[in-house]
Number of protein chains: 2
Amino acid sequence: MMGRVTRERVGAELVAVVTAVVAGRPVVLTAEGGQHLPFGPLRTEHHSMQAGLQTWVEQQTGHRLGYVEQLYTFADPDRASAAGRVVSISYLGLTNAVGDRPSDAWRDWYAFFPWEDQRVGSAGPGLVTEVIEPRLGAWVEAAPPAEREARRLRADVCFGLGGRGWSPELVLQRYELLYEAALIPEAPSATPDRLVPGERMAGDHRRILSTGLARLRAKIQYHPVVFELMPESFTLGQLQVTVEALAGQALHKQNFRRLVTQQDLVEPTGETHAETGGRPARMYRFRRAVLDERQVAGTKLPRTR
Amino acid sequence: MMGRVTRERVGAELVAVVTAVVAGRPVVLTAEGGQHLPFGPLRTEHHSMQAGLQTWVEQQTGHRLGYVEQLYTFADPDRASAAGRVVSISYLGLTNAVGDRPSDAWRDWYAFFPWEDQRVGSAGPGLVTEVIEPRLGAWVEAAPPAEREARRLRADVCFGLGGRGWSPELVLQRYELLYEAALIPEAPSATPDRLVPGERMAGDHRRILSTGLARLRAKIQYHPVVFELMPESFTLGQLQVTVEALAGQALHKQNFRRLVTQQDLVEPTGETHAETGGRPARMYRFRRAVLDERQVAGTKLPRTR
DNA sequence: ATCCTTATGCTTGAGTTGAGCATAGGTAAC
DNA sequence: GTTACCTATGCTCAACTCAAGCATAAGGAT
């Protein structure tokens, strides 16, 4: 029967990856100057884990999350110390209001993962070709011959090398590859002179963050979650900028609007918006009904180039 | 800093949804006569949660899992009793060998979810139209008028009513709907005379199982995991039967083979197989290299009808 | 031989997607 | 006020994908 005793007990911790998009920059809520993600213990008084997370994220941000989703449960072995084992249950939360917290609590995603921003003009593309590619090349060459081809293939797939395309949703795989290649300060055998740029976080929080980005980038394509990051009404241009910020990639404008409108994800409010110095744009609002009507309806990424 | 103390401690439990496909029937490993899924406490000596799960599943089945993936972490509030809170971390495991365990440990998926098998000749289609649809209809009518349309829409989407198509991957949504409509014995307000057929399990294990089926049905479409359920070599017909068993749906044969072969998921072994009383089929093996070469490559479901 | 069964190959039409041309309707500079 | 420039929006076209089904192949059973 179910009453069987589980003899050992562990600490349970809730970790939140709360993200928003502000002025075309994706940001994540951090604590203590970006050193870690907000987290807290699961308490007995919490009705459920989601409820526990919701309440104390509201305490911190002053805003209710439009969307919460469980990410992954980690049992970081490095932390199984004297105090016993700790299990971290991580969640992804989306909001459109950054609230009144000091703005340095909201940090740009790409401060932690500069290579993930592949939009033209950003750091990503240069970083990959000038720093990451050569250092991964060295890592490939350092392998025993039998393993060399496997390493090269993995590097090529992750970072779109050798004529392969860049896949935005491989965030976690890229992080783990850099970790294994010791190009990241968290890695045990990392040496300061061979590191790839990017801020670190305490413990395994940067790994948790990368899991969140990966999930969001994947989810956005087949589930209408972007709208949780948008204000009540918005232009299709603003929506596209938001998606591009998350994907770290430019999209084909005309095809993006075709996708959004043909799926009936939005409806016009009747107003227009003329701030951009171009033709005024129609404003739209999200049709919340689609959440009930269908289970698949997303914002695919009609890529450019 | 990370050393912050988490004051309360909880029991941590690993739960496994281990599935295989035997003779065209999808089966799941259970304990104590199908009353619950195999589970066990997370121990300090386990290197990681996956390792812990792997080792004791191997103990139980005598076979190594080809594939293990974390499913979801539940904190069943009903079990937060005197002993304190229990957190269940669930995993999906796939294997192709049912081993030498007594075969009643392996139970047919569809004993627990008869409505999920929509293949012609199985119980599903009749069950939906003759039992589920009318009882859900009553549940819709029982709602306050303002809520009625929302309920109807939800029932229609989940069970493909009102001309909508059946979506195999909505396993969890269907279970939760039946739960809310009190058509399932686990539901608090369920009455014995209005139940939908299907065996129950202890605690929330049937919910965990439905999470597993949902994940597997979704995953199969964009990741080549079916092959973990297949023997070394197989015919395309056998592969199709396996996918159909999981999806609970018939597939268009010619399109299925085109999909599999065009993606280079398999390579011929050169042998043939003549047991079916028809033209002998070529045997194939899975090209394991695709796991490294690509991140997306699945067995989409070329549906029939 | 004839029929039944499963396997395999191929075609066709509908729909989806990537790419880009063309026009609309504003603001800012000259 | 005319020109340049900018973003928004509409539309077309070719390549590709996908559902559906016809046709043929190759075995066993009667």
Side-chain angles (χ1 to χ4, degrees), chain A residues 23-24 120-121 165-168 221-222 233-244 247 249-284 294 296-305, chain B residues 23-24 120-121 165-168 221-222 233-244 247 249-284 294 296-305:
Chain A
V120 288
W166 175 269
S167 302
Q221 296 180 60
Y222 54 90
S233 81
F234 47 83
T235 70
L236 293 184
Q238 291 164 347
L239 182 65
Q240 184 178 350
V241 166
T242 301
V243 174
E244 288 177 334
Q249 245 190 2
L251 307 179
H252 182 117
K253 187 192 293 214
Q254 296 94 323
N255 290 344
F256 177 81
R257 21 173 60 242
R258 178 176 61 189
L259 214 67
V260 172
T261 53
Q262 277 188 0
Q263 286 183 109
D264 281 319
L265 292 173
V266 296
E267 61 193 0
T269 66
E271 285 147 26
T272 60
H273 176 93
E275 302 278 290
T276 52
R279 170 174 172 175
R282 263 178 267 191
M283 307 277 301
Y284 293 85
R294 314 176 221 149
V296 281
T299 334
K300 282 237 188 71
L301 305 179
R303 58 142 194 264
T304 313
R305 194 62 35 90
Chain B
V120 289
W166 174 271
S167 301
Q221 295 180 61
Y222 55 90
S233 80
F234 47 84
T235 71
L236 293 184
Q238 292 165 346
L239 183 64
Q240 183 178 351
V241 166
T242 302
V243 174
E244 288 177 335
Q249 243 189 3
L251 306 179
H252 186 279
K253 186 191 295 215
Q254 297 93 323
N255 290 345
F256 177 82
R257 26 174 54 244
R258 180 181 56 194
L259 215 66
V260 172
T261 52
Q262 278 189 0
Q263 286 183 111
D264 281 319
L265 291 173
V266 296
E267 59 193 3
T269 66
E271 285 147 26
T272 60
H273 175 93
E275 302 278 290
T276 53
R279 169 174 174 178
R282 263 179 268 189
M283 307 279 297
Y284 293 85
R294 314 173 222 153
V296 282
T299 335
K300 282 236 187 70
L301 305 179
R303 59 143 194 264
T304 312
R305 197 62 31 92

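When reading the values below, keep in mind they use all heavy atoms of this one structure, side chains included, and skip hydrogens, waters and symmetry mates. Below, read A as the first sequence line, B as the second, and so on, with proteins coming before strands; counting in each chain starts at 1.
At whole-Å resolution of the value, CD in Gln249(A) and C1' in dG18(C) are 14 Å apart. In this structure, CZ of Phe256(B) is placed 16 Å from P of dA20(D), rounded to the nearest angstrom. Atom CG of Leu251(B) and atom P of dG21(D) are 15 Å apart (whole Å). Rounded to whole Å, atom P of dT7(D) lies 20 Å from atom CZ of Phe234(A). Remark: P of dC13(D) and CD of Gln254(A) are 16 Å apart, rounded to the nearest angstrom. Look at CZ on Arg257(B): it is 14 Å from P on dT6(C), rounded to the nearest Å. Met283(B) has its CE atom 11 Å from the P atom of dT8(C), to the nearest Å. Rounded to an integer number of Å, the gap from Gln238(B) CD to dT8(C) P is 11 Å.
A donor-acceptor pair under 3.5 Å is absent between the side-chain atoms of Gln263(B) and the main chain of Val260(B), judged by distance alone. In this structure a side-chain-to-backbone donor-acceptor pair under 3.5 Å is present from Gln238(A) to Thr235(A).
With sequence neighbours excluded, the residues that form a side-chain hydrogen bond (donor to acceptor under 3.5 Å, both in side chains) with Arg258(A) are Asn255(A). For Gln240(A), the side-chain hydrogen bond (donor to acceptor under 3.5 Å, both in side chains) partners two or more places apart in sequence, or in a different chain, are Glu244(A). The side chain to side chain contact (heavy atoms under 4.5 Å, CB included) search around Pro280(A) returns Thr272(A), Ala274(A), not counting sequence neighbours. For Thr269(B), the side chain to side chain contact (heavy atoms under 4.5 Å, CB included) partners at least two apart in sequence or on another chain are Ser233(B), Glu271(B), Met283(B), Arg285(B).
Distances shown here put a side-chain N or O of Lys253(A) below 4.0 Å from the OP1 or OP2 atom of dA8(D). In this structure, Arg282(A) does not reach the dA24(C) phosphate: none of its side-chain N or O atoms is under 4.0 Å from OP1 or OP2.
Rounding to the nearest 0.5 Å places OH of Tyr284(A) at 4.5 Å from CZ of Arg282(A).
Summarising the geometry of Pro168(B) relative to Ala247(B), their closest heavy-atom pair is CB-O, 3.6 Å, with the distance given to 0.1 Å.
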For Leu239(A) and Phe256(A), run side chain to side chain contact (heavy atoms under 4.5 Å, CB included): C-alpha distance rounded to whole Å, both residues' side-chain angles, the deciding distance at 0.1 Å, then the answer. CA-CA 10 Å; Leu239(A) 182 65; Phe256(A) 177 81; 3.9 Å; yes
Between the protein and nucleotides 1-6 of chain D, which nitrogen or oxygen pairs come in under 3.5 angstrom?
none

Identify each atom pair where a protein N or O and an N or O of nucleotides 15-18 of chain D are less than 3.5 Å apart, giving names and distance.
from    : atom 1 : to        : atom 2 : distance (Å)
dC18(D) : OP1    : Lys300(B) : NZ     : 3.1

